[in-house]
Amino acid sequence: MDLYETYAALGVGKPVYDYCAGIEDALQERFAQIDRVAEHNQMKVLAAMQKNRVNATHFAATNGYGYNDDGRDNLERVYADTFHTEAALVRPQITCGTHALAVALSANLRPGDELLSPVGRPYDTLEEVIGIRESVGSLREYGVTYRQVELLPGSKFDYEGIRAAINDRTKLVTIQRSKGYQTRKTFSVAEIGELIAFVKSVKPDVICMVDNCYGEFVETVEPSDVGADMVVGSLIKNPGGGLAPIGGYICGTKACVEQCAYRLSAPGLGQEVGANLGLMQSFYQGFFLAPTVVAGALKGAIFAANVYEKLGFPVVPDSTESRHDIIQAVTLGSPEGVIAFCKGIQAAAPVDSYVTPEPWAMPGYDAPVIMAAGAFVQGSSIELSADGPIREPYAVYFQGGLTWYHAKLGILLSLQKLAEAGLVKL
Ligand SMILES: *Cc1c(COP(=O)(O)O)cnc(C)c1O
């Protein structure tokens, strides 16, 4: 059977198929580069697993207090060795990325300390953790103050502003790698390294934490390779490889991770408790698969950028830029465009492909939001998903895809829906 026929059976028309085939052909060199990064990272993870002699006993479920949980303790060594840190905390008790970041911050800050973001405003959910927006239980309620230095035009670091902002109370510097849903660019690991070196030259004992969400395995190095004291992220994003059903990680210096463990469980208990509840196989196997899963998601993002940019839609990052996370923004310019795009992503899903996404008023947003996802793990954004607020400039944020082929189908069907709505001409 001809490959096109398999796509036709899923609803892709010939003009869309042919147009996208041309785009794909032109991307072979970029895809090869992504594969080389994935190969490098696959070997890094394998080396960490072999060094720590992973074996079937590490997949055994524990319950209750989880004392002497070898599988859990060994997984933490595997993460630490992969990220080249002294220690790691990798737990299903960390419920999401925001929780991991909240633990890392609140564990390492004390009343009277100041937290500094030298990269402008942090991810939305962090605003409440920090207390930028008033919130019950925020760091601010505990007497931790916050300061932020805006980025200069071109997403450049304002070194003089940062120097001026660092004072004798500055205890921790938080650096968000991914742009998240902002318009600034995502920082490369090398840029983060330069920023950390500068911060440490001003104040050597300051703790540098990197919010690594969406960035893991996109490059061959991680922020912990360039001086970060802690790197923090979610297991239902990149490092869970699509298999982890929950969880977060904090890798870093022994001193920082110890503080985090006491904060996550309780003072005096620390890393010794926390049963794995039978999740270890999915954590190990997901981490093993993560480099190739991230490669598939990256190919999807670059493919989408090229497909849509060449049709005249603004895309961030653009079709040729180097990548430092897996998020792709496409500005479709109309509510109908955002809705059609999301319908295509939904129609491509392995789960819930038959439902139609609709915009709705979500708490915390000032415009209706449409979301498309048909995921094995609820809310997982390493799985193919798209969302966008129904407001100017009518941009959709697209990410994930456990395999490149699935991401490709999602983009083909998004374009098909736009074509059917008369919003593009091929
Ligand atoms: C997703 C994300 C978070 C928060 O993670 P959740 O799992 O959604 O709580 C924080 N920072 C960045 C940059 C993210 O992408």
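In listed order, ligands and their atoms are each counted from 1. Predicted model only: the values in this text are computed from it and were never measured.
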### Query
Can you tell me which residue and heavy atom of the protein come closest to atom 11 (N) of ligand 1, and the distance to 0.1 Å?
D211 OD2, 2.6 Å

### Query
Based purely on interatomic distance, does K237 place a nitrogen or oxygen under 3.5 Å from a nitrogen or oxygen of ligand 1?
yes

### Salt-bridge present (E216, K237; N to O < 4.0 Å)
no

### Message
I'd like to know whether NZ of K310 has more than 12 heavy-atom contacts from other residues, nucleotides or ligands below 6.0 angstrom.
### Response
yes

### Query
Can a salt bridge be assigned to the pair K254 and E86 using a cut-off of 4.0 Å between side-chain N and carboxylate O?
no

### Task
List every atom of ligand 1 that sits less than 4.0 Å from any heavy atom of G97, numbering the atoms from 1 in the order shown and giving each element.
5 (O), 6 (P), 7 (O), 9 (O)

### Query
Taking the non-hydrogen atoms of K179, is any one of them nearer than 4.0 angstrom to ligand 1?
no

#### Entry: T145 side chain to E114 side chain, donor-acceptor N/O pair below 3.5 angstrom
yes

### Message
If the cut-off is 4.0 Å to any non-hydrogen atom of Q176, which atoms of ligand 1 fall inside it?
### Response
13 (C)

## Note on the structure
Taken in chain and number order and not counting sequence neighbours, the residues that satisfy ring pair (Phe, Tyr, Trp, His ring centres under 6.0 Å) with Y67 are Y65

### Query
Can you tell me the protein heavy atom closest to atom 4 (C) of ligand 1 and the distance?
T98 OG1, 3.4 Å

Side-chain atoms of residues 335-357: list all donor-acceptor pairs with protein atoms under 3.5 Å, sequence neighbours left out, distances to 0.1 Å.
unit_1, atom_1, unit_2, atom_2, d
Q346, OE1, A373, N, 3.0
Q346, NE2, D352, O, 2.9
Q346, NE2, A373, O, 3.1

### Message
Using a 4.0 Å cutoff against the non-hydrogen atoms of C96, which atoms of ligand 1 qualify?
### Response
7 (O), 9 (O)

### Task
Assess whether atom CG of N63 is packed by more than 12 heavy atoms of other residues, nucleotides or ligands within 6.0 Å.
no

### Query
Which atoms from ligand 1 have a heavy atom of Y214 less than 4.0 Å away?
15 (O)

### Query
Of all the heavy atoms in L101, does at least one lie under 4.0 Å from an atom in ligand 1?
yes

